[in-house]
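Ligands are counted one by one from 1 in listed order, and the atoms in each one are counted from 1 as well.
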Amino acid sequence: MEKSIKSFFLNKLTNCRFLRLITSDMKRSKIKELLSSKPNGQIITVKGWVRTFRNNQFISLNDGSTIQNLQAVVALNTFDDATLRRITTGACLSVTGELIPSPAKGQTMELKVTALEILGDCDAEKYPLQPKKHSLEFLREIAHLRSRTNTFSAVMRVRHAMAFAVHKFFNDRGFFYIHTPIITGSDAEGAGAMFRVTTLDLNNPPKDESGHIDFKEDFFGRETNLTVSGQLEVETYAMGLSETYTFGPTFRAENSNTTRHLAEFWMIEPEMAFYDIKDNMALAESFLKYLCQYALDHCAEDLDFLDKRAKEEEMSKPQDQRSELGLLDRLKFVSENEFEKLTYTEAYEILRNSNPNKKKKFQYLIEEWGVDLQSEHERYLVEKHFKKPVILYNYPAAIKAFYMRQNEDGKTVAAMDVLFPGIGEIIGGSQREERYDNLVKRIQELELPEKELWWYLDLRKFGSAPHSGFGLGFERLIQFVTGMTNIRDVIPFPRFPGNAEF
Ligand code: 4AD
Ligand code: MG
């Protein structure tokens, strides 16, 4: 801070007992801690961003430690007009003063300011965040400033708490966190929607004799991609450490412009030796219940805010599309009720005989056994038929990945999807095919690159074991826990088709 401003404040303060105080040098208290302390005139310093400044007197300050603001009161005639004019929405301040019980309604305590320093000015004319409601679409365009809003700071605090809870859940149960690679030569899902990683000169790539790009000259001496899933790699560690998980970013170059898809998302993938599909389903259920309960126990303030926010959003929807339960009720509901478990075939029968199918209301009608279920079908089962989370298992082999364990019926595999209200598929997983011959046969049927999967097949050659695992889409979980309807609003910097700003 410039010398002149400092000395100006010091002059102003000559009559008070903090003569030598330069507020930015003082130890900072967090607003969250202050609000749970007893205000008795103690001298404290807080630093944060101005949300509003009313009547040239009342500064509402937020430092992100909590959704609550601290009211800082500047007595009339303490500061000159030039200083007061710099206290604008968005400006960053350091304020020092006495923490006292608030005489006014609306807050239990306030800070009687005796010294104030402006750490960062904010031109009110140009600052895009005005003290009013902005649309989520608009805020996405200024994602670098979203953390200054109540909604996004609340969502990101909840996101943090959930990441912490994920590790706590597994650590408490003796699982080991394995960091699987981000750059990989394998395509775990066999889906082909991958982002290429290369250092070749795209304007002039080296070619082999037949005129194809010669990836032998690329950085890794082969074709590489960003990972779509850490599953295959974490399986190798489950085959030695028994209970493992990975939690990292994953990438999919699908052109899906939906409220549930991102091109870059985080996934939690536990993988356990000696678990069959039933054990796998039980783990998934207790994991999701734990996470919902953790949010209720540790994020009450933010969830209260998000609950009200979601209720307002619901009111703008037509009555028949409003959800029956509020955000907090939904979390309690998940943590307290058993999930409905049924096979794909049972679900198929329910859907085939359902009203929307008979009346041709589904966009994709359910006719033949074996069709992949669309989000409209999943949501019908969860929101209309069972009205609770559902786990479907034993899916047709043809619509699932090569590594899933083949069932005796010769048609289905031991796959499972967990379906949630408002979200649809939140978890996908399976028991893995641990029998070498079965796996090779499947790889050949699907014409997958058997040679490149040599290490994966080795696991079935050398001490194979029954094992299972699943993947939880972290952002879909955060959508459920925060009630945010668009997945782009639960990750700090969303990546989706046509957008990689920031
Ligand atoms: O069902 P998926 O594709 O399964 C796997 O990747 C397995 N390898 C997991 C495993 O068994 N270890 O993805 C798992 C979950 C989905 O249920 C969904 O929640 C989320 O990841 N997901 C996405 N989330 C955001 N954007 C996308 N494009 C997503 N694709 C999948
Ligand atoms: Mg899936």
Side-chain angles (χ1 to χ4, degrees), residues 159 162 166 170 175 178 180 184 186-195 226-238 243-272 275 277 280-281 283-284 287-288 291 344 372-375 377-378 382 389-393 395-396 399-405 413-420 422-433 456 467-481 484 486-491 494-497 499:
R159 187 179 163 109
M162 287 293 94
V166 164
F170 288 121
F175 283 58
I178 305 297
T180 48
T184 165
S186 85
D187 169 10
E189 296 304 298
M194 295 188 295
F195 290 100
L226 294 179
T227 186
V228 296
S229 156
Q231 179 197 322
L232 302 197
E233 288 91 351
V234 79
E235 271 187 61
T236 71
Y237 277 83
E243 284 163 315
T244 57
Y245 70 106
T246 180
F247 181 3
T250 50
F251 307 86
R252 302 204 181 170
E254 313 158 286
N255 199 5
S256 312
N257 264 306
T258 79
T259 55
R260 303 176 315 122
H261 288 88
L262 288 166
E264 177 177 314
F265 65 99
W266 287 65
M267 187 156 47
I268 299 126
E269 296 182 275
E271 192 70 36
M272 301 75 62
Y275 277 52
I277 185 74
N280 203 23
M281 288 195 271
L283 183 73
F287 183 39
L288 289 168
L291 293 171
Y344 167 92
D372 206 354
L373 301 184
Q374 304 295 323
S375 145
H377 309 128
E378 297 174 342
V382 173
V390 168
I391 310 187
L392 296 187
Y393 62 101
Y395 277 79
I399 57 170
K400 289 289 179 185
F402 75 96
Y403 49 71
M404 299 190 175
R405 193 177 196 280
V413 287
M416 62 172 214
D417 276 2
V418 183
L419 313 177
F420 257 37
I423 305 283
E425 180 192 334
I426 194 162
I427 279 182
S430 75
Q431 184 168 344
R432 317 306 187 191
E433 183 55 84
Y456 191 67
H467 64 291
S468 300
F470 61 81
L472 167 64
F474 189 53
E475 285 73 23
R476 292 202 187 163
L477 169 77
I478 306 303
Q479 277 192 279
F480 184 74
V481 173
M484 299 297 286
N486 196 318
I487 199 165
R488 297 173 186 180
D489 298 327
V490 297
I491 187 164
R495 298 286 175 253
F496 51 90
N499 186 293

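Side-chain contact check for Met162 versus Val481: some heavy-atom pair is nearer than 4.5 Å.
Metal site remark for the Mg ion (ligand 2): Asp417 contributes no N, O or S atom at a distance under 2.8 Å.
Ring geometry for Tyr456 versus Phe402: interplanar angle over 60°, hence perpendicular rather than tilted (30 to 60°). Using cut-offs of 30° and 60° for the angle between ring planes, the Tyr275 and Phe175 rings count as perpendicular. Using cut-offs of 30° and 60° for the angle between ring planes, the Phe195 and Phe251 rings count as perpendicular.
Take the N/O/S atoms of Glu425: the one nearest the Mg ion (ligand 2) is OE2.
Between Glu235 and Tyr403, the side chains place no donor N or O within less than 3.5 Å of an acceptor N or O (distance only, hydrogens not considered).
When every heavy atom of Thr184 is checked against every heavy atom of Glu233, the shortest pair comes out as OG1-OE2, 3.5 Å.
The proximity of Phe251 to ligand 1, defined as any non-hydrogen pair under 4.0 Å, does not occur for either the backbone or the side chain. Within the 4.0 Å heavy-atom criterion, the part of Phe470 lying near ligand 1 is the backbone and not the side chain. At a heavy-atom cutoff of 4.0 Å, ligand 1 is contacted by no atom of Asp417, backbone or side chain.
Counting atoms of ligand 1 from 1 in the listed order, those under 4.0 Å from a heavy atom of Gly429 are 11 (O). Heavy-atom proximity to Tyr403, at under 4.0 Å, picks out these atoms of ligand 1: 7 (C), 8 (N). Near Ile487, the atoms of ligand 1 lying under 4.0 angstrom from a non-hydrogen atom of the residue are 25 (C). Those atoms of ligand 1 with a heavy atom of Arg260 less than 4.0 angstrom away are 25 (C), 26 (N). If you number the atoms of ligand 1 from 1 as listed, the ones under 4.0 Å from a heavy atom of Glu254 come out as 28 (N).
Under the 6.0 Å distance and 45° angle rule, Arg488 counts as a cation-pi partner of Phe496.
Ligand 1 has no nitrogen or oxygen under 3.5 angstrom from a nitrogen or oxygen of Met267. Distances between N or O atoms of Leu262 and those of ligand 1 include at least one value under 3.5 Å. Checking only distances, Arg252 does come within under 3.5 Å of ligand 1, N or O to N or O. At a 3.5 angstrom cut-off on N or O pairs, Ser229 counts as close to ligand 1.
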Next item on the list: Dump the intermediate steps for side-chain contact (heavy atoms from CB on, under 4.5 Å) on Val418 and Leu472, then the final yes or no.
Entry: CA-CA 9 Å; Val418 183; Leu472 167 64; over 6 Å; no

Next item on the list: Assess whether salt bridge (charged side-chain N to carboxylate O under 4.0 Å, His left out) is satisfied between Asp372 and Lys400, documenting all intermediate values.
Entry: CA-CA 9 Å; Asp372 206 354; Lys400 289 289 179 185; 5.7 Å; no

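One option in Arg432, Glu269, Gln479 has a heavy atom closer to atom 11 (O) of ligand 1 than any other, and that option is Arg432.
Using a 4.0 Å cutoff on heavy atoms, Glu425 counts as a contact of ligand 1.
For Phe247, the CZ atom is densely surrounded, since the number of other residues' heavy atoms within 6.0 Å is greater than 12.
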